[in-house]
Amino acid sequence: MTTVFGNASSDVRDRLLDTYYDKIKGVILSKQHPVSGLLPASTAINEHGDYTDAWVRDNVYSILAVWGLGLAYRKTDDHQGRGYELEHSTIKLMRGLLLAMMRQAHKVERFKYTQAPLDALHAKYDTPTGNKIVEDDQWGHLQIDATSLFVLMLAQMTASGLAIVHSLDEVNFVQNLVYYIGRAYRTPDYGIWERGNKINHGKPELNASSIGMAKAAMGAIDGLNLFGARGGQASVIHVLPDEIARARVTLQTLLPRESASKEVDAAVLSTIVFQRLRSKIRR
């Protein structure tokens, strides 16, 4: 708060927070589905396609603004309940994604053994229901960075005090997601641009941004109790140390390239940002 507001008075600070709240309410929360909690990537339906579906990556990145403002309201005398609303809107979205993924738990189980693109979790879901919208072979679903981003922010939000995971079945599924991303160091995927090879032939390849995000996620969630301070040993997530080490070595080998076909790519910026944020997750 000191960094953002400096020596501003509480009145100035509150007005600024309320300005941010109005913007977030109008731009983001007004689009959140009242049942599923998911956000459409866009409201556009045009000659290029239907963009009203809920992409995993887009949803997580969008809700960060909501969660961040909710954290800021914790520092104030919030008599309007805005902090509570923002934090629970964040929980609603993250649970919406979690439940959508859990409908594909059988795919997560298969992928642990095959690392095959057709066994991957889907990268986008139907916004009102969280159900799948395209078949396994109709999209480049294998995007390890998107799944890793969800795991990373689930860890960070839980560490901040949000109760996102509610049962041991959900804990077990998140543990399976950790295994799912654990072999990112050797799993070619379609990456953040959903295209794989630079020439866009639909061929997956190792991407530094995916491996880096997986490494950050595994480091963040290792040893974290998903039930928070009141949880027991059964709700603690475990990561194999070798998988973090292998991700680190492979990432160092790839950088500064994004992949074999992409020598320079803005996607690597996400790896840099989240590697730095991960070190602050439990401070």
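- A salt bridge links Asp18 and Arg82; the closest N-O separation between the charged side-chain nitrogens and carboxylate oxygens is under 4.0 Å.
- Under a 4.0 Å N-O distance rule, the pair Lys198/Glu258 does not qualify as a salt bridge.
- Between Leu86 and Leu29, the closest side-chain pair of non-hydrogen atoms falls below 4.5 Å.
- Glu194 places no side-chain N or O within donor-acceptor distance of the main-chain N or O of Gly191, the cut-off being under 3.5 Å.
- Between the side chain of Asp222 and the main chain of Met218, no donor-acceptor pair closer than 3.5 Å is present.
- The minimum heavy-atom distance linking Ala267 with Trp193 is given by the pair CB-NE1, 4.1 Å.
- Distance alone, capped at 3.5 Å, is enough to place a donor-acceptor pair between the Gln32 side chain and the Gly37 backbone.
- No side-chain heavy atom of Leu206 sits under 4.5 Å from any side-chain heavy atom of Ser259.
- Thr19 has its side chain within reach of Lys23: a pair of non-hydrogen atoms, C-beta onward, lies under 4.5 Å apart.
- The existence of a salt bridge linking Asp136 and Lys107 is confirmed by a sub-4.0 Å separation between a basic side-chain nitrogen and an acidic carboxylate oxygen.
- Counting all heavy atoms, side chain and backbone alike, His122 lies closest to Gln104 at N-OE1, 2.9 Å.
- Shortest non-hydrogen contact noted between Pro188 and Leu142 is O-CD2, 3.3 Å.
- Judged purely by atom type and a 3.5 angstrom limit, Gln138 has no side-chain atom pairing as donor or acceptor with the backbone of Val134.
- In summary, the side chains of Ser209 and Asp145 do not present any donor paired with an acceptor at a separation below 3.5 Å, with no hydrogens or angles considered.
- Residues Ile133 and Tyr125 have side chains not in contact (no heavy-atom distance under 4.5 Å, counting atoms from C-beta outward).
- Taking 4.5 Å as the limit, every side-chain heavy atom of Arg246 sits out of range of all side-chain heavy atoms of Arg186.
- Shortest non-hydrogen contact noted between Ala100 and Gly130 is CB-O, 3.3 Å.
- By the 4.0 Å N-to-carboxylate-O rule, Lys132 lies too far from Asp126 to be salt-bridged with it.
- Distance CD1/Ile144 to CZ/Phe111: 5.0 Å, rounded to 0.5 Å.
- Transitive grouping of hydrophobic side chains (ILVMFWY, heavy atoms separated by less than 4.5 Å) brings Val165 and Ile63 into a common cluster.
- The shortest non-hydrogen separation linking Leu254 to Ile211 is CD1-CD1, 3.6 Å.
- Looking only at atom types and distance, the side chain of Asn207 has a donor-acceptor partner in the side chain of Asp189 under 3.5 Å away.
- The shortest side-chain heavy-atom distance between Leu98 and Phe150 falls under the 4.5 Å cut-off.
- Looking at Met213 and Leu152, their side chains come closer than 4.5 Å, going by heavy atoms from C-beta outward.
- Not one N or O on the side chain of Ser36 forms a donor-acceptor pair closer than 3.5 Å with the backbone of His33.
- In terms of heavy atoms, Leu17 sits closest to Thr76 at CD1-CG2, 3.4 Å.
- Here the side chains of Leu97 and Leu154 are not in contact, with every heavy-atom distance at 4.5 Å or above.
- Between the side chains of Trp67 and Ser160, a donor-acceptor pair is found at a separation under 3.5 Å.
- Note: Trp139 and His141 have tilted aromatic rings, judged against thresholds of 30 and 60 degrees for the angle between ring planes.
- Between the side chains of Glu243 and Tyr179, no donor N or O sits under 3.5 Å from an acceptor N or O.
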